[in-house]
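Notes for the one structure printed next.
Sequence lines set the chain letters: A, B, ... in the order given, protein chains first and strands last, and positions in each chain run from 1. The structure presented is a predicted model; accordingly, all values stated were derived computationally and were not measured.
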Amino acid sequence: MISIAIRRFARKAKHDSIKGASGLSTAVSTGSRDEFAKAAPPMPVTLLTDDERMIQDSVRKWANHDLKPLVREMEKNELISPSIIQELYTQGYMSLEIPEKYGGVGMNFTSACITIQEISRIDPSIALMVDVHNTLVVNAIRFWASEFLQDKYLPKLATDSVSAFCLSETNAGSDAFSMSTTAKLSSDGSHYVINGTKSWITSAREAALLLVFCNADPSKGYKGITAFLVDTNSPGVQIGKPESKLGLKASSTCQIFFDDVKVDADHVLGEVGQGYKYCIEILNEGRIGIAAQQIGIAKGCLDVVMPYLNEREQFGQKLLNMPALQQQYAQAATELHAAEVMMLNSCRLKENGLPFVKEAAMTKLFASQVAEKISSQSIEWLGGIGYTTDMIVEKFYRDCKVGSIYEGSSNIQRQTIAKIMNSELEQ
Amino acid sequence: MKILVGVKRVVDYAVKVRVGANGVELKNVKMSLNPFCEIAVEAAVRLKENKAASVSEVVALSIGPKQCQETLRTAMAMGCDRAIHIHTDLRGDYMELQSDSVAKLFQKVIEEKEKDVDLVLVGKQAIDSDCGQVGPMLAGYLNWPQATFAAKIDLDGDGLMVERETDQGTETIKIAKLPAVVSCDLRLNEPRYATLPNIMKAKKKKIDQFQADEFDVDLTAKNKVLEVFEPPARKEGITVDNVNQLIDKLKNEAGLLQ
């Protein structure tokens, strides 16, 4: 079942490469890169396709015009406004990679990352809902769910159903495999009964569909972990109250209690006991989306800071022209550019079916560091006013902190990178 | 009703243009759909959505380089059914291709290619040339009624009722019968975003391609641009200490008081 899924995945990646990696409009034939390279040198990853540029422009416009006015209010209420969620669907941001036959936009992974980045520039909390939905749940369903489950859920996920990724528990964070939520198969094999508590679940309050990882056979250790698709309104599912967080306040982060929740056996995602593989693989790519979010945050900070430096004068000159500040913002922009290039390159590696796990881990690690640094410096560059809520930068500073924690902490990323470097050495 | 909408690809309104030896520098500058053309597209799409108007199709027309196809795709993503691209590499910002030729190309399209157009919607002006001439010229060449600077367009029997913005106030014009040409002003509507699903759908819509010189139209400029220069930098203002000083300056320096 896995090999079929991987083959399907590789076929899809090849198809994406024809659409996405060439950088030209649909006129390009399916010739090889080398064939094309005879005409011109290989293209930079920062050069997007026409479609991707249109999407970038469209998201940027929407975010600046429709989302921006509501950001502080949503933070204050610790709630993503239902009208914004509705808009996310109308604009197509929640169905970026869902095929058109299910009502989705049918675009590529890079478009999802571009969308997440542009939304993050205005509100990373909204971007997070979009990121988890698209890169974790929707994609897991597209890769491993049966046709029955795809037909059942993808149309809903494309039109109005928000989804949540339920892996972590109070005692199972980085050590996700030590989870204690169980799924017991009924004696007649018709359904499973789920018991346990998931913690730190993004969009828990809004989600209609939950992708839940449970252990269906604890005697097998992590090889018993199985993924289930559970409707939030199933009897026995209870959403806890939202955590009070430092940042990303509008995004709901809750515990979810499963008390004898019955799930039909045909709602297992993929194969029983393969859940551990699915969650690792989906997080390997989902973290590129988080990197996009962090890069968007850093850009959002500079969007505010650079015009300010160009206006503010002290000691008879613009801050923009002061050598001390030039040293700082040039360095910051350099690191941000590096992070963005890494992010786009990771997207293209994935779309071309090439190994990308190490690069994706490096990207997420680095992007979260860059965002933290730039948001912190941005407050300093703005001076006293940067420390007040009159400026949005203090929100970005608080919002980005979790970037080095969720979807794989920075220590875990470095461990992943080290492991791959070790295996490269052994060859 | 069949509607033809003119869309122009211009320098994006937010860009700070630079002036070089050959006029405004266009290389590597961000281009987009002219804001007033966008308003015209929105007006056309809204008429199509209004069942009472019985719009059969909305066709977008653009004249310019290959990249106009992107502009046309945006128009189709907003709701135009198909598009026509007349290809020319002549500069459309008044330096080479000017309003008279553009109006004549529109006329050729209407008389030879799309013979049953009932309404032409255009933006009141393009933000690069700021001429505002194509709409009125086209109406003149076609001998059709026209209403310019439309702030409101309503169906009225076989024609339209158009509210027109002028410096003195609002004028209401009745167009008794179609076909007609209407140019659209800022307050007519707020254009919709092209949603991503519509952007993807637009890829499947048809763009008919023509070359500008295959029509029997003189494309040479009727007016010669002698010089393009930036306006002089605004001088810094001064603060005065009291009202008497203010009056003195207004009287004796600015010459604004007797």
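With a 4.5 angstrom heavy-atom cutoff, B:Gln69 does not touch chain A via any of its atoms. Of the atoms belonging to B:Ser32, not a single heavy atom falls under 4.5 Å from chain A. Heavy-atom distances place the side chain of A:Asp57, and not its backbone, under 4.5 Å from chain B.
The line from CG of A:Asp50 to CD of B:Gln67 is 9.5 Å long, rounded to the nearest 0.5 Å. Taking OG1 of B:Thr195 as the start and CD of A:Glu87 as the end, the distance is 10.0 Å to the nearest 0.5 Å. In this structure, the separation between OG on A:Ser95 and CE on B:Met200 is 10.5 Å, given to the nearest 0.5 Å.
Residue with the most contacts toward chain B among A:Leu96, A:Val59, A:Asp66: A:Asp66 (heavy-atom pairs, distance under 4.5 Å).
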(request) Could you go through the side-chain contact (heavy atoms from CB on, under 4.5 Å) check for B:Glu70 and A:Met54 one step at a time? (result) CA-CA 9 Å; B:Glu70 275 176 52; A:Met54 268 184 97; 5.7 Å; no
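At most 12 non-hydrogen atoms from other residues, nucleotides or ligands lie less than 6.0 angstrom from CG of B:Asn22. For B:Lys152, the NZ atom is loosely surrounded, since the number of other residues' heavy atoms within 6.0 Å does not exceed 12. Remark: A:Glu311 CD is loosely packed, at most 12 non-hydrogen atoms of other residues, nucleotides or ligands lying under 6.0 Å away. For B:Gln245, the CD atom is densely surrounded, since the number of other residues' heavy atoms within 6.0 Å is greater than 12.
Salt bridge annotation for A:Asp51-B:Lys203: present, with a cationic side-chain nitrogen under 4.0 angstrom from a carboxylate oxygen.
When all heavy atoms of B:Tyr193 and A:Lys61 are compared, the pair lying nearest together is OH-O, 3.9 Å. Looking at every heavy atom in both residues, A:Gly92 comes nearest to B:Pro197 through CA-CD, 3.7 Å.
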